[in-house]
Amino acid sequence: MSFIPHFSVHQVFIAPWTTDISSYGWIMLMTFLVGAACGLVGNYLILRRMALMGDAISHSVLPGIVVAFLVTGSRGTVPMFAGAVAAAVLTTVLIEVIHRHSVIKQDAAIGIAFSSLFALGVILIAVFADTVDLDQDCVLNGELPLIAVSPPMTLAGMTLGPPAVVRMGCVLFFSCGLILLFYKELLLSSFDPALASAMGLRSGWIHQLLMIWLSITVVSAFEAVGSILVIAMLILPGATAALISDRLVVRLGWSLVHAALSAVLGLHLSIGLDCSPSGAAVVAGSFLFGVAWVFGPQDGLVSRWWSRKEGRTETLV
Amino acid sequence: MIPLTSSSARQFLGIGGLFVGLNSLTTTLCAARIGDITETVWQAQALRFLTLADPSVRFAVLGTVLLGIVCGLLGGFLVVRRMSLVGDALSHAVLPGVALGFLWNMEKDPVAIFIGATVAGLLGTGLVHLITRTTRLKEDAALGMILAGFFGAGLCLMSMFQRLPTGNKTGIDKFLFGQASAIGAEDIRLMTVVTVLVLGLICVGYKEFLLVSFDPGFSKVCALPTRWLQHGLMLLLTFSVVIALQAVGAVLVSAMLITPAATAYLLTDRMHRMLIYGTLIGMLSGVTGAFLSFLGTHLPTGPFMVLSASGFFVVAFFFAPNRGVIPRWWMARSQRIRIVRENTLKAVYQILENEEFRRESVSLRELAERRRLTFDEVFREVRSLISVNFATAVDDSVALTPSGWQRAASIVRNHRLWELYLTHAVQMAPDHVHDDAEKIEHVLGEDAVRQLERRLEFADRDPHGRPIPAVQAIHGHPNGSREKRVTGYGKSS
């Protein structure tokens with residue numbers, strides 16, 4: 001078995017859409033749902049320059065999940081959610097406390113808070129290894145391939161699909177609803193917090209709402225796909241979209257496109273190289289960002305080079 | 001990792017499959033070089049560690065000490081420049097380089113890994129720089145992207161290794177969460193070289209690095225190669241991340257850069273002291289982490305090191321002299337108490353002054369009216385005065401002791417001097433100066449008062465026409481020795 005597996009067009013490009021659609025379809029759908037849900041909230045994070053809060057929170061939900069499991073002894077969705085959201089809130093509080101009550105700046109505070117919590121989570125897993133049934137590496141990589149084989153969830157006699165996919169679909173639906181309902185408020189408080197406060201919006205509340213929204217998204221995605229895909233998808237779709245457009249609606253649209261494309265490309269890449277699907281989706285997403293960086297309409301390297309050249313000819317003339 | 005989740009794991013599908021049977025994990029995790037341990041009694045393990053009995057323990061201790069030194073030292077530069085999260089991005093970005101280093105000859109070759117990781121780290125930080133410069137994206141987004149993108153690529157490569165028949169034996173999985181016991185003699189040699197290099201460069205170029213970190217503009221003016229120094233610092237930083245990688249793990253290296261340095265930042269203001277403290281704390285947390293992870297069998301080292309560093313941080317956060325939460329709370333509390341006492345003394349003084357010091361004592365009722373407080377509150381204030389010997393009370397009348405008189409006079413004096421200063425030197429209207437003086441009277445030191453006296457030519461009337469009391473030796477009564485009055489700390493009139 002060599003490092004780079006033998007390449008066959010049929011296996012890499014055709015089979016996933018035909019014979020193996022029943023398993024790969026779910027993986028693709030899950031990756032898309034994760035990318036879309038994270039990308040939507042990620043757009044706001046990027047606008048508010050809080051991109052690394054997503055990173056911090058997706059690391060620090062780990063001890064929350066482990067503690068919730070140790071306390072309740074069940075892998076039910078509700079205790080996991082409660083634990084993870086509590087850990088996320090704890091992270092933001094810790095960052096605030098360190099930042100407010102000492103000379104430590106916010107960046108260092110973020111670094112200290114999330115790394116401590118993450119380390120605590122890993123240690124809890126290692127110490128209670130016999131009871132927790134959690135795997136350190138799955139925390140990073142997730143177990144996307146197992147999604148398709150997990151028993152499907154049924155609701156009122158209808159077979160809906162793997163529970164993780166259903167849950168992620170709900171989160172995406174919830175995110176879309178939140179954006180439709182509070183589009184104006186979120187937009188204003190992201191772009192001009194001062195004006196938002198002057199107009200009577202509670203920016204503190206909106207911030208908290210965003211944090212809870214973020215942690216719900218992170219938690220439900222993280223359980224299935226691992227933290228690295230979550231962190232990447234919180235930033236990559238939004239960042240790619242930011243290079244394409246100035247308008248928030250358009251950006252939200254493009255981030256959905258980015259999520260879909262990186263799900264498809266990532267799957268093909270992971271089959272082609274026989275590597276971790278989460279990692280492959282991240283690589284595909286980064287590649288798409290690179291494309292937007294080079295060919296983007298405004299900030300794109302090509303268009304910058306072009307306009308510089310134009311400028312030079314004009315001055316010559 | 002895919003092999004970790006094989007066989008029995010497949011039946012264990014909890015939520016989306018994150019929960020995986022551990023039986024396969026345990027076998028991989030103990031396959032460290034220390035894997036020949038059979039005893040798991042923690043006392044025996046502790047003894048083994050403390051006596052440095054066998055070479056793997058010695059290597060682990062030496063390795064963690066070295067990485068603690070390098071990370072603590074260089075982290076200082078990150079923390080003061082608000083670049084902590086650059087360390088985070090850097091530590092994730094080295095992962096694909098580690099994997100490619102493995103690919104070089106399919107085994108753990110420290111030098112190949114070192115080179116690969118350094119190249120990947122530098123590429124990552126270079127890309128962050130390029131993205132922030134050429135696009136509208138801010139640094140946080142660029143850092144996050146590079147962090148996730150590189151790490152994702154690294155995970156892909158690593159999962160491809162795991163597939164290979166030799167993949168599991170290489171110990172590449174140790175690079176994610178760290179295993180100090182996997183450090184070998186060759187690693188130690190490399191770490192020593194890097195540590196000596198970093199220490200030497202920082203010692204030789206301390207002044208230059210300091211200037212570049214705190215004031216790049218000025219360092220350019222001084223004709224220092226600012227750009228190169230910054231790149232050099234970045235290179236050293238990458239080195240430190242790479243040598244720490246094996247013991248701490250890629251996910252948590254950044255914490256070893258940030259936390260010890262931030263702890264040192266809480267302890268001192270001076271950069272050189274901060275670097276020294278950071279080095280010491282880094283070393284201590286390294287060894288503590290290694291020790292703790294030795295107590296059990298399958299415990300990864302990195303998280304323990306990070307948690308020990310966080311422990312030091314928490315202690316410093318609460319107890320650091322001057323900057324800790326508790327000393328600052330205590331100082332604020334004693335200051336608050338002092339201010340209340342001084343206000344009470346002032347009120348007593350003013351009541352007596354209004355009656356031209358014909359009496360020796362004031363009643364609690366008068367004091368309560370003057371302070372606009374309830375009887376109980378005034379009672380408590382007076383008790384606090386009595387507890388420090390500023391006053392005595394008989395029934396419900398309060399008299400000041402000599403030291404109380406002195407303090408009262410000096411507070412009133414500060415107040416009135418400041419009012420005079422504001423009206424004369426700053427040209428403020430006399431009816432606007434009271435509130436300012438009310439605050440500053442408690443914080444004017446002896447030096448400031450002397451300067452005010454000289455500046456105001458030892459005036460003895462405030463802008464409202466009331467006398468500015470003398471400070472010294474007013475035994476019982478400010479009116480007593482009116483003629484031979486001492487006007488201030490220095491000069492007698």
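Only heavy atoms go into these numbers, but all of them, side chains included; no hydrogens, no water, no symmetry mates. Below, read A as the first sequence line, B as the second, and so on, with proteins coming before strands; counting in each chain starts at 1.
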Inset, instruction - Check whether any side-chain heavy atom of T134(B) sits under 4.5 Å from a side-chain heavy atom of W293(A), and report yes or no. - result: yes

Legend entry - Backbone N/O of K105(A) and side chain of R82(B): donor-acceptor pair under 3.5 Å: no

Legend entry - Verdict with reasoning, L266(B) to S102(A), per side-chain contact (heavy atoms from CB on, under 4.5 Å): CA-CA 7 Å; L266(B) 290 176; S102(A) 74; 3.7 Å; yes

Legend entry - Closest approach of A239(A) to M145(B) (non-hydrogen atoms, all atoms of both residues): CB-SD, 3.5 Å

Legend entry - Among I146(B), D88(B), V79(B), residue most engaged with chain A (heavy-atom pairs, under 4.5 Å): D88(B)

Inset, instruction - Using heavy atoms and a sub-4.5 Å threshold, report which of residues 231-238 of chain A line up against chain B, by residue number. - result: I231(A), A232(A), I235(A), L236(A)

Inset, instruction - Please flag which part of L130(B) lies under 4.5 Å from any non-hydrogen atom of chain A: side chain, backbone, both or neither. - result: both

Inset, instruction - To the nearest 0.5 Å, tell me how far L52(A) CG sits from E139(B) CD. - result: 9.0 Å

Inset, instruction - Pick one of side chain, backbone, both or neither for V283(A), based on which atoms fall under 4.5 Å of a heavy atom in chain B. - result: side chain

Legend entry - S276(A) side chain to S159(B) side chain, donor-acceptor N/O pair below 3.5 angstrom: no

Inset, instruction - Provide the closest heavy-atom pair for C156(B) versus A280(A) in the form atom of the first, atom of the second, distance. - result: SG-N, 3.1 Å

Legend entry - For S115(A), the option from I258(B), L307(B), L252(B) that meets side chain to side chain contact (heavy atoms under 4.5 Å, CB included): L252(B)

Legend entry - Close side-chain approach of H59(A) and V251(B), heavy atoms under 4.5 Å: yes

Inset, instruction - Quick one: list whatever passes ring pair (Phe, Tyr, Trp, His ring centres under 6.0 Å) with Y265(B), sequence neighbours left out. - result: none

Legend entry - L85(B) side, atom CG; D55(A) side, atom CG - distance, nearest 0.5 Å: 8.0 Å

Inset, instruction - Please round to the nearest 0.5 Å and tell me the distance separating atom CZ of F118(A) and atom OG of S254(B). - result: 10.5 Å

Legend entry - Most chain B-contacting option - heavy-atom pairs closer than 4.5 Å, from A113(A), S116(A), S286(A), G42(A): S116(A)

Inset, instruction - State, with a plain yes or no, whether a side-chain heavy atom of L137(B) is found less than 4.5 Å away from one of F289(A). - result: yes

Legend entry - side-chain contact (heavy atoms from CB on, under 4.5 Å) between R328(B) and H101(A), intermediate numbers included: CA-CA 10 Å; R328(B) 269 191 316 166; H101(A) 295 277; 4.0 Å; yes

Legend entry - Atom group of M305(B) that falls short of 4.5 Å from chain A, counting heavy atoms: neither

Legend entry - Residue, of L117(A), L243(A), I46(A), I110(A), that accumulates the most heavy atom pairs under 4.5 Å with chain B: L243(A)

Legend entry - Options V230(A), L269(A), L229(A), D246(A), ranked by heavy-atom pairs under 4.5 Å with chain B, top entry: D246(A)

Legend entry - Test side-chain contact (heavy atoms from CB on, under 4.5 Å) applied to V282(A) and F151(B), step by step: CA-CA 9 Å; V282(A) 175; F151(B) 200 71; over 6 Å; no

Inset, instruction - For each of L45(A), V165(A), L120(A), V103(A), tally heavy-atom pairs with chain B at distances under 4.5 Å, and name the one with the top tally. - result: V103(A)

Inset, instruction - Mind checking salt bridge (Lys or Arg N to Asp or Glu O under 4.0 Å) for R323(B) and listing every partner two or more places apart, or none if nothing turns up? - result: D269(B)

Inset, instruction - For each of G249(B), G302(B), A309(B), A141(B), tally heavy-atom pairs with chain A at distances under 4.5 Å, and name the one with the top tally. - result: A141(B)

Legend entry - chain B contact via F287(A) - which portion, at a heavy-atom distance below 4.5 Å: neither

Inset, instruction - Would you name the heavy atoms of G152(B) and I228(A) that are closest together and state the gap between them? - result: N-CG1, 4.1 Å

Legend entry - Toward chain A, the part of F150(B) with a non-hydrogen atom under 4.5 Å: neither

Inset, instruction - Under 4.5 Å heavy-atom distance to chain A, tell me which part of I131(B) shows up: side chain, backbone, both or neither. - result: both

Inset, instruction - In sequence, state the C-alpha distance, the side-chain angles, and the governing distance for F313(B) and I104(A), and then conclude on side-chain contact (heavy atoms from CB on, under 4.5 Å). - result: CA-CA 11 Å; F313(B) 179 80; I104(A) 305 295; 4.0 Å; yes

Inset, instruction - Decide if atom CZ of R49(A) counts as having more than 12 heavy atoms of other residues, nucleotides or ligands within a radius under 6.0 Å. - result: no

Inset, instruction - Check each atom of V80(B) against the heavy atoms of chain A and say whether the ones under 4.5 Å are side chain, backbone, both or neither. - result: neither

Legend entry - Separation between OG1 of T263(B) and CD1 of I112(A), rounded to the nearest 0.5 Å: 6.0 Å

Legend entry - salt bridge (Lys or Arg N to Asp or Glu O under 4.0 Å) against R100(A), all qualifying residues, sequence neighbours excluded: E96(A)

Inset, instruction - Measure R304(A) against the heavy atoms of chain B and call it side chain, backbone, both or neither at under 4.5 Å. - result: side chain

Legend entry - Shortest non-hydrogen contact from M160(B) toward C275(A): CG-CB, 3.6 Å

